[in-house]
Amino acid sequence: MVLLCVLNICIGSVSITVFDILASIQGKTVENARILWDIRMPRMLAALILGGALGLAGYLLQTFFHNPIAGPFVLGISSGAKMTVSVVMVFLMGQAISVSSGMMIVAAFVGAMISMGFVLLVSRKVDSMAMLVVAGVMIGYICSAITELVVTFADDAQIVNWSRGSFSGTTWDNVTVMAVTVAVTSVAVFLLSKPLSAYQLGESYAKNLGVNVRGLRTAMVLLSSILSACVTAFAGPISFVGIAVPFLTRKAFGTSKPIVVIPGTFFIGAVFCMICDLIARMALAPVELNISTVTSILGAPIVIYMMVKREKGRM
């Protein structure tokens with residue numbers, strides 16, 4: 001992670017050396033200090049924080065539904081959050097009203113909860129996880145269509161860029177809000193390690209151990225929605241990270257214990273998104289790819305492998 005932090009800051013259309021970073025931290029005047037502090041540093045921190053948040057959101061949803069292919073993007077939760085944020089941004093900017101970071105998170109949370117509500121409603125009507133995933137994908141398509149319709153009326157290039165998924169344009173105000181939100185939520189998730197460990201073995205087992213299953217499920221829904229909302233509010237939709245990262249974490253540590261997987265998921269999610277952001281910036285430089293393009297290329301094969309291996313295990 002430390003290595004990737006340095007690479008994300010140093011590599012770009014303008015090269016910044018490690019010595020420049022150290023000198024700037026010490027308060028010395030260096031060339032390209034504005035690029036270092038106002039552009040690359042906030043962007044690097046956004047990829048780190050939001051990557052970890054996305055990994056945790058995916059882990060909570062997979063635990064909630066007892067299925068490794070559940071994730072905020074697949075179930076349409078990210079699309080719902082994107083829809084409400086785009087509506088709020090376009091409406092307020094049309095009225096010449098500035099949009100605060102807190103307002104974006106609230107709007108994204110409302111959209112995430114609306115989508116999650118539909119998913120939970122469908123989950124009560126169908127027994128097949130495949131049908132639930134299909135329903136989530138359909139919800140995502142509907143929300144994405146509404147978002148595209150709204151963004152069509154936006155004149156701001158930043159909104160168009162955000163709607164496709166990107167860490168660019170992140171400010172220190174954004175970093176402060178996302179850092180506080182994700183830190184508090186991540187600590188809350190970690191404190192649920194013991195009841196989550198029991199829940200993984202089945203709801204009946206958890207109840208016998210005295211776990212309030214209904215309260216735990218509610219907490220998982222709220223916490224995953226907050227994390228997904230925070231990611232979508234600042235970076236737009238980012239696909240496959242929420243599914244691939246928990247799988248990679250369990251493989252890397254060789255365990256499913258929440259007390260290990262929760263922090264592991266955060267750090268691997270951060271590393272995964274920093275790698276993807278670096279590729280997005282440099283692969284076709286000076287043209288920048290959308291972050292979802294890169295995460296799809298890297299994450300989709302992992303998800304396919306995971307599904308094929310799961311089917312072989314059933315056979």
Side-chain angles (χ1 to χ4, degrees), residues 51-79 112 115-116 119-120 122-123 126-140 186 189-190 192-193 195-206 213 216-217 219-221 223-225 227-228 231 237-273 276 292 295-315:
L54 200 52
L56 274 184
Y59 171 74
L60 287 173
L61 290 172
Q62 290 176 12
T63 304
F64 183 90
F65 290 107
H66 297 290
N67 196 292
I69 62 171
F73 189 82
V74 171
L75 295 179
I77 297 169
S78 294
S79 298
S115 296
M116 178 63 89
V119 171
L120 292 176
V122 171
S123 68
V126 298
D127 296 326
S128 172
M129 184 63 193
M131 290 301 297
L132 181 62
V133 170
V134 170
V137 171
M138 293 302 104
I139 292 169
S186 298
V189 174
F190 185 74
L192 293 176
S193 296
L196 283 174
S197 183
Y199 183 81
Q200 287 179 338
L201 298 175
E203 293 185 19
S204 299
Y205 181 81
V213 173
L216 179 62
R217 288 171 64 89
M220 284 192 282
V221 168
L223 292 173
S224 62
S225 297
L227 292 169
S228 301
V231 174
I238 302 178
S239 56
F240 290 105
V241 178
I243 305 176
V245 167
F247 172 76
L248 290 175
T249 305
R250 286 189 287 266
K251 283 292 181 183
F253 291 96
T255 181
S256 296
K257 293 180 179 179
I259 198 168
V260 175
V261 175
I262 289 173
T265 297
F266 186 91
F267 284 111
I268 291 181
V271 168
F272 189 89
C273 279
C276 291
S292 277
T295 57
S296 297
I297 293 172
L298 297 182
I302 297 173
V303 175
I304 293 171
Y305 168 77
M306 180 175 63
M307 293 173 66
V308 170
K309 188 174 181 181
R310 189 176 179 220
E311 287 300 318
K312 285 185 177 179
R314 287 180 177 178
M315 293 172 62

Item to check | Heavy-atom check, side chain of Y305 versus side chain of F247, under 4.5 Å | outcome: yes
Next on the checklist: Quick check: closest heavy atoms across P195 and L216, and the distance to 0.1 Å?
Outcome noted: O-CD2, 3.7 Å
Next on the checklist: How long is the straight-line distance from OG of S186 back to CD1 of I262, given to the nearest 0.5 Å?
Outcome noted: 9.5 Å
Checklist entry - Rounded to the nearest 0.5 Å, how far apart are CG of L196 and CD1 of I259? => result 11.5 Å
Checklist entry - What is the distance from atom CD1 of I304 to atom CZ of F240, rounded to the nearest 0.5 Å? => result 7.5 Å
Checklist entry - Do you know which two heavy atoms are closest between S296 and P301, and how far apart they sit? => result O-CD, 3.9 Å
Next on the checklist: If we ignore hydrogens and angles and just use 3.5 Å, is the side chain of S115 paired with the main-chain N or O of G76 as donor and acceptor?
Outcome noted: yes
Item to check | Sequence-distant partners of L120, side-chain contact (heavy atoms from CB on, under 4.5 Å), two or more places apart | outcome: F64, F65, M116, S123, V221
Next on the checklist: Is it the case that the side chain of T295 and the backbone of S239 share a donor-acceptor pair, with hydrogens and angles ignored and the cut-off at 3.5 Å?
Outcome noted: yes
Item to check | Side-chain (S228) to main-chain (S225) donor-acceptor, under 3.5 angstrom | outcome: no
Item to check | Y199: ring-ring contact (aromatic ring centres under 6.0 Å, His included) partners, not counting sequence neighbours | outcome: H66
Next on the checklist: Between T249 (side chain only) and V245 (backbone N and O only), is there a donor and an acceptor less than 3.5 Å apart?
Outcome noted: yes
Show the atom names and distances, to 0.1 Å, of all donor-acceptor pairs under 3.5 Å that link a side chain in residues 51-63 to residues at least two apart or in another chain.
from, atom 1, to, atom 2, distance (Å)
Y59, OH, Q200, NE2, 3.2
Q62, OE1, R250, NH2, 3.1
Q62, NE2, P68, O, 3.1
Q62, NE2, A70, O, 3.4
Q62, NE2, G242, O, 3.3
Q62, NE2, I243, O, 3.3
T63, OG1, Y59, O, 2.8

